[in-house]
Undergrad: 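This structure is in structure tokens; I'll ask about it shortly.
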Amino acid sequence: MAKTNLVIVESPAKAKTIGKYLGPGYEVKASMGHVRDLPKSKLGVDVEHGFEPDYQPIKGKEEVISDLKKAAKGSEKVFLATDPDREGEAISWHLKELLNIPDDKTYRVTFNEITKKVVNESIAAPRAIDQDLVDAQQARRILDRIVGYELSPLLWKKIRRGLSAGRVQSVATRLVCEREEEIRAFQPQEYWSLDVDLSRIAPNMGAFTAAFYGREKKQELHSEAEVQAVVDAVKAAPFTVTGVKRQDKTRSPAPPFITSTLQQEASRKLNMPPRRTMAVAQQLYEGVDIQGEGTVGLITYMRTDSLRLSEEALAAAKDMIVSRYGKEYYPEKTRHFKAKSNAQDAHEAIRPSDVRLTPEDIKKDLTSEQYRLYKLIWSRFLACQMANAVYDSVSIEVESAGYRFRANHSSLKFSGFTAVYVEGKDEEDEVKQSPLPDLKEGEGLKLTGTKPEQHFTQPPSRYTEATLIKALEEKGIGRPSTYAPTISTILDREYVVKEGKYLRTTPLGEVVTGLMKDKFPDIVDTTFTAKMEERLDQVEEGKENWKNLLGSFYGDFEQELHQAEQDLDGERIKIPDEVSDEICPVCGRQLVVKSGRFGRFLACPGYPECTFTQPIVVEMPGKCPKCGGRILKKTSKRGYTYYGCEFNVVKEGSKAKQCDFMTWDVPVKDNCPECGWTMFKKSGRGFKKPFCINPDCGNFTPEDKRGGYKKKPTAETKEGGETAETAEKAEKKTVKKAAAKKTTAKKTAAEKAPAEKKTTKKPAAKKTAAAKKTAAAKTTAKKTTTKKAAAKKTAGEEA
């Protein structure tokens, strides 16, 4: 019997897709990720003898390993088809070592995309395991293990248990902390803007607004007096058009996605955290069941920093653009994008495996997250190969009393790539100008109004997940595969918290960062960390020995560690309380942020005298329609999100102001144009039309016309889902009902007890006699049946 070939991948989904393409001559099995690693209970690295790692099989994977060993032993060839990166190479190496696969049976294959063509081509052209890639991954793993396992115990002793430190996570936390310090130290500066409303001399021939520019050069207005001087001068002088400039401006598309830009754009446009983005992208890469197609890998490998695209993919994109949008939407030359100097060109950029599989065609086969992310990748790829967008731009310069004013406007002339995709931005766009009248140079204008406005410079914005990833990438800290787990770690450790879309450091994060900067400056130094990444790249290229790299790092690190332990001997660093803006409704103190088993919450600092606690709430736009207070986002004890007034006090007997406003609908920043009340929208993904809830307003929208659909009332919704009761009231009601039931049960038991005592024993005796009679009848019947069965058996034996 001919032996089959074994193909080992990481996940069952990938195994299913590849198995379909390879056919009966191959058996495809999943290792379920890593099969061995450094032990969790100890350092697992012999730092005194050449940094020899003590790799051990991962607990709980005994059956998987046993199954793989058996399959490998009975196979003619073993193809190790783990992911095409350092970590994937290391997994293949660990599999070879752990399963004792001979060199002559071991074949390494990688798939940049999981399609039938690529899978068969890769299987036909295997290679050996790249030991340089493996060593680079070993160096990174051991480096992170040493830093984490040597530093974390120090943090436990001096600050609190459960903390951790790491090369990349500590630098990421430092960036967030330093941004917070910049915001606190920021001193706002006053400045003024001046707009003038102008119209043509002939009535109803056009009007527009122009902004103050200066004289020969751009001039800043720093005070009201300076603004008033300009206003007085221009009011007494005529306005004349001194320049009209019309031109076509072009805008080029963004390049295709790499790992960092995919995470940034998914965060901006889809509100998807980096870790979730990578998990969904992995599903799309490994394969999804498509009706009529079977299991299909929808995108290329998603851990890459290369902007290269294959010629085959570029040709497919051209065909799609020309057939779907027309020849004018394809540029004169095919676009090629140049990657950064430190990028590894191992894989293509992230793109759809087959651009002909449009998001709309396969939407029914994808989950909501898969569809949204696939659409983002598909659109970005197609747009990057399309023609520039063209804008008709008009600039007008006006002069009065020696001062210049400018107005600009641009309108889309040819959509180009914007017909498919427009890149998201971290900051809001400026207010767009209205169209300008057809003016001519030398034309006189009439001043109809002035709009001076005072402003103050704003501090730098806090990082979002997208901008933090961008900063890490620009500084060369970490690599594509590290961004998502790094951000997840600093959030899990509560060094950083997420408020809306922004990241803010906590007192804990500041204390840990302060200690790291003081005692371990190299670990949190951005330049040092970036250089370490470059050295790891050199190990991958075979230019540096991985153990030499570890040795050069460990010598200085060990000295810093011993010095820190001596300096902090007997000292314990206290974490200051994070004071919130919320006031305790019981005693009036300012609530502080505490951490517990279930995360962060607000508590009164007067404990144990005052035991008041409440969940951390998020302030929403708009004002309470009943009392004008803030609207807060809250979570009920059942885990449902609702929105209530800040004065919705739960504690009974409180002297604080109380308001019972509560809604399940989401408040929006826009007020009703008729009555000025805050408007609301139905919760859920996608666009929801805002509506007014003021019954006295002409713009009022009744409950049944507010969009969405009504679910059939369940036990949960009856208790508080679609009534006017608040979540707290609903839950109190439930508690009261339960208490009432308990009381009723006790009363019933108490009432029944005397009655039972008065009952005579005769009925009980009769019951007992009847029961005895029944039991006797059953026994007799059983004996009869047994006798009949025995008689039949005897008759059978005799026959």
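Side-chain atoms are counted along with the backbone in the values below, which use heavy atoms only and exclude waters and symmetry mates. These figures come from a predicted structure and were not determined experimentally.
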Undergrad: Please tabulate, for side-chain N and O atoms in residues 553-562, each donor-acceptor pair with protein atoms closer than 3.5 Å (sequence neighbours left out).
TA:
none

Undergrad: Please determine, by modelled atom types, if Q137 and E89 share a side-chain donor-acceptor pair under 3.5 angstrom.
TA: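 Side chains of Q137 and E89: no pair found under 3.5 Å.
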Undergrad: Checking R145 against Y149: charged group under 6.0 Å from the ring centre and within 45 degrees of the axis?
TA: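 R145 over Y149 ring: yes.
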Undergrad: Any side-chain heavy-atom pair from K29 and L68 closer than 4.5 angstrom?
TA: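 K29 vs L68: side chains touch.
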Undergrad: Looking only at heavy atoms, which two atoms of F186 and P460 are closest? And how far apart?
TA: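 Reported closest heavy-atom pair: CD1-CD, 4.4 Å.
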Undergrad: Going by atom type alone, with no hydrogens or angles, which donor-acceptor pairs under 3.5 Å involve a side-chain atom of residues 173-183 and a protein atom two or more places apart or on another chain?
TA:
from	atom 1	to	atom 2	distance (Å)
T173	OG1	Q169	O	2.8
R174	NE	E178	OE2	2.6
R174	NH1	V524	O	2.9
R174	NH2	E178	OE2	3.2
R179	NH1	S461	O	2.6
R179	NH2	Y463	OH	3.4
E180	OE1	R462	NE	3.0
E180	OE2	R462	NE	3.3
E180	OE2	R462	NH2	2.8

Undergrad: With no hydrogens and no angle check, just 3.5 Å: does a side-chain donor-acceptor pair link T110 and R127?
TA: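 T110 vs R127: no donor-acceptor pair found between side chains.
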Undergrad: Just one of L95, T106, D103 clears the side-chain contact (heavy atoms from CB on, under 4.5 Å) bar with I129, so which one?
TA: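 Passing option: T106.
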Undergrad: For residues R589 and C610, report the shortest heavy-atom separation together with the two atoms involved.
TA: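 Distance-wise, the nearest heavy atoms are NH1-CB, 4.2 Å.
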Undergrad: Using only heavy-atom distances, determine whether the side chains of E10 and S31 contain a donor-acceptor pair under 3.5 Å.
TA: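 The criterion, which ignores hydrogens and geometry beyond distance, is not satisfied for S31 and E10.
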Undergrad: Tell me every residue that passes side-chain contact (heavy atoms from CB on, under 4.5 Å) with E423, counting only those two or more places apart in sequence or in another chain.
TA: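 With neighbours one apart ignored, the set is A254, E265, R380, Y421.
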Undergrad: For the residue pair E544 / N548, report whether a side-chain donor-acceptor contact shorter than 3.5 Å exists.
TA: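 Per modelled atom types, N548 and E544 side chains form no pair under 3.5 Å.
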Undergrad: So, is the end of the R36 side chain (NZ or CZ) under 6.0 Å from the ring centre of W93 and within 45° of the ring's axis?
TA: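 Judged by the rule, R36 and W93 form a cation-pi pair.
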Undergrad: If you draw the axis of the six-membered ring of Y107, does the NZ or CZ of K77 fall within 45° of it and under 6.0 Å from the ring centre?
TA: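 Positive - K77 is close enough to the ring of Y107 and near enough to its axis.
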